[in-house]
Amino acid sequence: MRLLLASTILAALTATAHAEMKVSFDWGPTKKCFDPNSPPFKLSGVPSGTATLDFHMTDKNAPNFNHGGGQVPYRGESSLPYGAFKYKGPCPPSGTHTYVFTVKALDAKGKVLATANAQRDFAHQP
């Protein structure tokens, strides 16, 4: 019974820690069609013990296209500049697509400490 109670408390604390990390981004100087430089990011609530931030972008309108992402060493900063990592930037073939970045805070051993998501539209630019 004590083990069950301890597991429940630990799960609740972990869920709370995960809910605190937030990330947002602005396309900033992102150029049309597969700009390899990541957009600038704002970070908050990154858990202590985070050694690396792992980024991955998905196009909600074309989820099978792999935009990839990258990893950035984390040193306590609250923002990351344009080009902090390389990936395949947005390139909607027409109209506007919605892109989602998933960011995972990893400890030195690669264990996920927290996860956050941010999304933003990007319009086709001829």
Side-chain angles (χ1 to χ4, degrees):
M1 187 64 156
R2 287 183 182 174
L3 181 59
L4 180 60
L5 180 59
S7 296
T8 303
I9 292 170
L10 182 60
L13 292 173
T14 302
T16 301
H18 287 228
E20 293 178 7
M21 186 168 106
K22 294 186 178 163
V23 62
S24 64
F25 71 98
D26 181 327
W27 290 117
T30 300
K31 297 168 188 67
K32 66 179 180 174
C33 286
F34 307 124
D35 183 346
N37 297 303
S38 64
F41 285 87
K42 299 272 186 217
L43 310 162
S44 65
V46 178
S48 67
T50 298
T52 305
L53 295 172
D54 182 65
F55 293 81
H56 187 269
M57 188 176 85
T58 303
D59 181 343
K60 289 179 80 172
N61 303 91
N64 294 328
F65 185 85
N66 184 8
H67 283 274
Q71 291 191 337
V72 177
Y74 181 68
R75 297 182 181 92
E77 57 270 67
S78 61
S79 64
L80 295 174
Y82 171 72
F85 62 89
K86 301 296 183 200
Y87 77 125
K88 293 178 189 167
C91 189
S94 64
T96 298
H97 281 209
T98 302
Y99 294 90
V100 178
F101 274 99
T102 299
V103 183
K104 295 178 182 178
L106 308 174
D107 70 8
K109 293 182 179 180
K111 178 185 172 195
V112 176
L113 302 175
T115 302
N117 295 302
Q119 73 177 32
R120 186 170 284 282
D121 292 341
F122 191 90
H124 170 74
Q125 300 172 359

**Fill in**
Nearest heavy-atom approach of Gly89 to Met57 is C-CE, 4.1 Å
**Prompt:** Is the Tyr99 to Phe55 ring centre distance short of 6.0 Å?
**Reply:** no
**Prompt:** Is the ring centre of Phe101 less than 6.0 Å from the ring centre of Tyr87?
**Reply:** yes
**Message:** Nearest 0.5 Å, please: how far is CZ in Arg120 from OG in Ser24?
**Reply:** 7.5 Å
**Complete:** For Leu113 and Ser48, the nearest pair of non-hydrogen atoms, with its separation, is CD1-O, 3.9 Å
**Item:** Point-to-point distance, once rounded to the nearest 0.5 Å, from NZ of Lys60 to CG of Asp121
**Value:** 9.0 Å
**Fill in**
CZ of Phe65 to CG of Asp59, rounded to nearest 0.5 Å, is 8.5 Å
**Request:** Please check if the side chain of Ser38 supplies one atom and the backbone of Phe85 the other of a donor-acceptor pair under 3.5 Å.
**Result:** yes
**Item:** Closest approach of Ala114 to Pro47 (non-hydrogen atoms, all atoms of both residues)
**Value:** CB-CG, 3.7 Å
**Asked** Do the rings of Trp27 and Phe122 sit parallel, tilted or perpendicular, given the 30° and 60° boundaries?
**Response** perpendicular
**Request:** Assess whether side-chain contact (heavy atoms from CB on, under 4.5 Å) is satisfied between Tyr82 and Thr30, documenting all intermediate values.
**Result:** CA-CA 8 Å; Tyr82 171 72; Thr30 300; 4.2 Å; yes
**Shortest non-hydrogen contact between Asn37 and Gly83, atoms and distance** = CB-CA, 3.7 Å
**Item:** Among Leu80, Leu53, Asp26, side chain to side chain contact (heavy atoms under 4.5 Å, CB included) partner for Phe41
**Value:** Leu80
**Request:** Locate the shortest heavy-atom distance separating Ala123 from Thr96; write the atom from each residue and the value.
**Result:** CB-OG1, 3.7 Å
**Request:** Assess whether side-chain contact (heavy atoms from CB on, under 4.5 Å) is satisfied between Met21 and Val103, documenting all intermediate values.
**Result:** CA-CA 9 Å; Met21 186 168 106; Val103 183; 4.1 Å; yes
**Single hit among Thr58, Asn117, Asp54, Thr115 for side chain to side chain donor-acceptor pair (under 3.5 Å) with Thr102** = Asn117
**Item:** Within 6.0 Å of NZ in Lys86, more than 12 heavy atoms from elsewhere
**Value:** yes
